[in-house]
Amino acid sequence: MGRTVRAVAAVALVCLIAVMLSRRLPAPAANGQARRCDIPAEPPRPLHLDRFADRAHLRADSATAESWAIAYADVSPLRQQGAYPYANVRDQCMAMLFARISESHGTDVSTVREYSQQRDIIFDAAVLLVFAFAYMVIAYQLVGAVTRRFPGGERLALVAAVIIVSVMTVFAAVLVGDSWSIGAEILRVGNGHLSYRTERLPWRQYRPAILATALGVFWLVAIVRIKADRVQAAERRTLFGSDDELYSNR
């Protein structure tokens, strides 16, 4: 890849990471003893859900309430008594916080609860794009290694090798991507216990589509890399002659 492409990719990655950091929610107290069934106070104001900014605000508030309720239940003495008492204290705290948001913003509690289950599309897009950049760079390098191993005269072996490497890379990428998306979500909510929220991640919800897309992207990158290598090889032959002539002149 040329310097311009690398520079553009680096700037894009920095921007995407900045977007991810800007979408972080207020984190619950790291010290379990300091955790309360509460969320950061804000001035009450009505929200108009026909506006994008107000919808994003309600989504962030409700997600924060859910996150803090889970964190509060994590350190509750009732957690030691089993799953049901733990779920009960978590749901009670969550209901209280949702009611507070509802009163503060003039929305129904059911709407607040609904918004707590919605994903932050901008954050999710940034997470997926960061991974996609890294994936394409790795795929480009892997295809380059394969093309060096199988010269142009071994086309059948080259195609077979690319297919095998692509399948292996995609399955590895799905596993790594799952860990990456979980880590990014932990960064967003500021709590290592995601609980049931893990299943809402796009990586979990759309895994078959992501797998198919990753495979298609690998093959597209392979086509671009193989064509680029052939163009470079043709240019070298034009400038310096065939490989046999190069070796005969040494």
Side-chain angles (χ1 to χ4, degrees), residues 1-21 23 119-188 194 197-240 242-243 246:
M1 292 187 291
R3 292 183 179 179
T4 303
V5 174
R6 288 197 294 268
V8 171
V11 171
L13 281 175
V14 170
C15 292
L16 289 171
I17 292 172
V19 169
M20 290 173 56
L21 294 176
R23 311 296 291 189
R119 295 293 307 165
D120 185 336
I121 297 177
I122 296 177
F123 178 85
D124 287 339
V127 170
L128 292 174
L129 286 174
V130 168
F131 185 84
F133 269 110
Y135 175 79
M136 287 189 291
V137 170
I138 293 173
Y140 191 85
Q141 299 301 324
L142 287 175
V143 174
V146 172
T147 54
R148 287 191 295 272
R149 173 64 180 79
F150 298 97
E154 303 179 49
R155 293 185 179 180
L156 186 60
L158 175 61
V159 171
V162 168
I163 292 174
I164 293 172
V165 172
S166 69
V167 172
M168 295 173 61
T169 304
V170 166
F171 278 104
V174 168
L175 297 177
V176 174
D178 191 62
S179 299
W180 160 246
S181 63
I182 291 174
E185 184 67 6
I186 290 173
L187 174 69
R188 185 177 81 96
L194 296 181
R197 294 175 292 178
T198 304
E199 299 307 317
R200 296 180 191 160
L201 297 176
W203 207 274
R204 294 290 180 90
Q205 291 186 339
Y206 308 109
R207 181 170 291 175
I210 290 174
L211 192 151
T213 302
L215 191 61
V217 168
F218 191 100
W219 291 344
L220 181 62
V221 170
I223 292 172
V224 171
R225 179 65 193 260
I226 291 171
K227 286 186 175 181
D229 287 351
R230 287 180 177 176
V231 169
Q232 291 179 359
E235 291 176 349
R236 286 195 299 269
R237 284 194 297 270
T238 301
L239 292 174
F240 305 108
S242 66
D243 293 339
L246 283 174

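In what follows, every heavy atom counts, from backbone to side chain, and hydrogens, waters and symmetry copies are set aside. Worth saying up front: this structure is predicted, and the values here are computed from it rather than measured. If you read the sequence from its start, that first residue is 1, and numbering goes on from there.
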Side chain to side chain contact (heavy atoms under 4.5 Å, CB included) evaluation trace for Ile226 with Leu158: CA-CA 10 Å; Ile226 291 171; Leu158 175 61; 4.1 Å; yes

Chi angles and distances behind the side chain to side chain contact (heavy atoms under 4.5 Å, CB included) call for Ile182, Arg204: CA-CA 10 Å; Ile182 291 174; Arg204 294 290 180 90; 3.6 Å; yes

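Within the 3.5 Å criterion, the main-chain N or O of Arg225 finds no donor-acceptor partner in the side chain of Tyr140. Thr198 places no side-chain N or O within 3.5 Å of a backbone atom of Leu194 that could act as its donor or acceptor partner. A distance-only check finds no donor-acceptor pair linking the side chain of Trp180 to the backbone of Leu175 [under 3.5 Å].
The structure places CE of Met136 at 9.0 Å from CG of Leu220, a figure rounded to the nearest 0.5 Å. In this structure, Leu129 CG and Phe133 CZ are separated by 6.5 Å, a value rounded to the nearest 0.5 Å. We find the CG-CG distance between Leu16 and Leu128 to be 10.5 Å, quoted to the nearest 0.5 Å. Expressed to the nearest 0.5 Å, how far CG of Leu142 lies from CE of Met168 amounts to 9.5 Å.
Between Phe218 and Ala139, the closest heavy-atom pair is CD1-CB, 3.6 Å. Taking all atoms of both residues into account, the shortest heavy-atom contact from Trp203 to Ser181 is CB-OG, 3.6 Å. Contact detail for Val170 and Tyr135: the closest heavy-atom pair is CG2-OH, 3.4 Å. Minimum heavy-atom separation, Pro202 to Ile210: O-CD1, 3.8 Å.
Looking at heavy atoms from C-beta onward, Leu187 lies in side-chain contact with Leu21 at the 4.5 angstrom threshold. With a 4.5 Å cut-off on side-chain heavy atoms, Val19 and Phe123 do not count as touching.
Identified under the side-chain hydrogen bond (donor to acceptor under 3.5 Å, both in side chains) test for residues 205-217, with sequence neighbours left out: Asp178-Arg207. Listed by first and then second residue, the salt bridge (charged side-chain N to carboxylate O under 4.0 Å, His left out) pairs involving residues 156-169 amount to none (not counting sequence neighbours).
Residues passing the salt bridge (Lys or Arg N to Asp or Glu O under 4.0 Å) test with Arg119, sequence neighbours excluded: Asp124, Glu185.
A side chain to side chain contact (heavy atoms under 4.5 Å, CB included) with Val165 is found for exactly one of Ile163, Val167, Thr169, namely Thr169.
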